[in-house]
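See below for the structure under consideration.
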Number of protein chains: 2
Amino acid sequence: MGRKQDLVDTALRLFYEHGIHAIGINQVLQEAGVAKQTLYNHFESKDSLVEAAVEHRDNLIFSWLETRMNSRPAGEEALLEMFDAVHDWFNNREPALPRFCGCFFINACGEYSDPEHPVHKRCAVHKARVFELLKMHAEKVCCSQAEAEQLANALFLLKEGAIVKAHVEGDLDAALKAKAIASGMILPH
Amino acid sequence: MGRKQDLVDTALRLFYEHGIHAIGINQVLQEAGVAKQTLYNHFESKDSLVEAAVEHRDNLIFSWLETRMNSRPAGEEALLEMFDAVHDWFNNREPALPRFCGCFFINACGEYSDPEHPVHKRCAVHKARVFELLKMHAEKVCCSQAEAEQLANALFLLKEGAIVKAHVEGDLDAALKAKAIASGMILPH
DNA sequence: TCAAAAGTAGACCGACTTGTCTACCACGGA
DNA sequence: TCCGTGGTAGACAAGTCGGTCTACTTTTGA
């Protein structure tokens with residue numbers, strides 16, 4: 001199954017760096033060193049290759065973030081570790097991740113605005129998974145379920161905002177600023 | 001100058017709804033009812049039409065937001081009004097704005113990741129303008145310049161995060177949740 | 001009134017798009 | 001040995017891409 005994974009890896013890299021509609025099938029094939037028929041043996045269309053790329057990116061990012069957060073004690077420290085993790089990401093200090101070009105899921109939804117499109121939906125799934133990860137840790141530092149949900153939501157918005165600011169404005173310290181705000185929100189509870 | 005503006009309006013609408021690379025010149029021309037030569041009399045390339053569309057969107061969004069915020073007393077009330085404004089935007093209750101498809105500037109940067117590209121830079125300019133608007137009002141409720149900068153930054157991240165959450169996840173209450181968090185950050189100062 | 005300016009329609013260019021198809025090759029197991 | 005599997009290379013189809021060009025018409029202003 002090496003060829004299929006080569007295709008997904010190459011497609012994801014090119015889609016992430018240049019946008020999905022800007023990259024043609026032929027370019028993916030050439031850079032992956034795979035024949036066209038092989039692609040259409042594994043995928044029924046470009047769109048299904050895009051879906052596979054989104055799914056792959058979901059697994060990559062989620063497991064990376066989960067590992068980073070779980071390297072610290074559950075609760076407050078893990079939540080703050082998230083901001084250190086994305087800070088390393090923004091500054092390309094995370095060898096497991098390709099060069100920072102914003103959030104692939106946000107970018108993909110910009111190209112597939114229809115919320116019913118499979119690609120858009122798959123991106124929403126990723127964000128929901130990350131939110132659940134945050135909520136799990138938020139429950140360790142909050143008294144009630146409702147409070148945990150609120151805290152997780154606040155941290156989620158700060159993280160997404162930092163990603164946008166880092167990418168659009170090139171602010172490489174966006175994650176640290178978000179962390180400073182976040183740390184003030186966790187303690188008072 | 002009616003034709004030129006028609007082109008920019010139509011291009012912006014199509015680019016915003018479907019993404020920039022997904023829309024061809026011919027489609028813009030057909031929907032605008034304008035001949036191809038007319039386009040190339042006013043713009044030297046598709047890219048320069050894209051730049052004009054970004055600039056037009058900047059003016060549209062900024063003046064809309066500024067008007068909404070200035071309709072309330074400067075400072076705390078204006079800052080909170082921002083969240084009500086984007087809430088109306090998310091829920092398509094703002095007749096001056098087309099149907100919500102996320103932030104055009106974030107989406108555009110997803111398609112032009114290179115921070116040196118004119119389109120990317122123009123998007124960064126828009127975000128900086130909005131930030132300055134926030135900072136101006138933050139200075140009314142903060143004691144120091146540094147505190148104002150921090151508050152404006154926090155509110156900015158919350159707003160960007162809410163836009164992302166509303167678009168990717170379809171959470172139409174994202175702005176209200178962000179407002180609730182924000183209101184807790186303004187008062188204690 | 002008349003000429004310049006600005007717009008239209010549409011052919012045309014070369015390159016590229018997704019996707020199909022044919023022909024061939026290399027390897028692994030019966 | 002022989003066949004099936006999975007791959008390669010590349011032609012091909014039908015259409016679109018950004019962009020140029022010609023020829024014609026409409027508008028505008030002096």
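We name chains A, B, ... by the order of the sequence lines, and we start the count at 1 in each one.
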- Message: Tell me the interatomic distance from B:Ile20, atom CD1, to D:dC17, atom C1', rounded to whole angstroms.
- Response: 16 Å
- OP1 or OP2 of C:dA6 sitting under 4.0 Å from any side-chain N/O of B:His42? no
- Tell me: CZ of A:Arg3 to P of C:dC27, nearest whole Å? 12 Å
- B:Lys159 charged N/C atom sitting above B:Phe131 aromatic ring, 6.0 Å / 45°: no
- Distance under 6.0 Å and angle within 45° of ring axis: A:Lys165 vs B:Phe156: yes
- Task: Report the distance from atom CG of B:Asn41 to atom P of D:dC21, rounded to the nearest whole Å.
- Result: 12 Å
- Message: Within the 3.5 Å criterion, strictly below it, is a donor on A:Glu111 or A:Asn107 matched to an acceptor on the partner's side chain?
- Response: no
- Item | Protein-to-nucleotide contact annotation, 5' to 3' order, nucleotides 9-21 of chain C [B base; S sugar-phosphate only; - none; under 4.0 Å, heavy atom] | B-------SBBBB
- Item | Phosphate-side-chain proximity, B:Thr38 and C:dT8, N/O vs OP1/OP2 below 4.0 Å | yes
- Task: With rounding to the nearest 0.5 Å, note down the distance linking CD in A:Glu44 to CD in A:Glu51.
- Result: 8.5 Å
- Are side-chain N/O atoms of A:Asp114 and A:His120 paired as donor and acceptor at under 3.5 Å? no
- Message: Could you tell me if B:His167 and A:Ser113 have a donor-acceptor pair between their side chains, going purely by distance under 3.5 Å?
- Response: yes
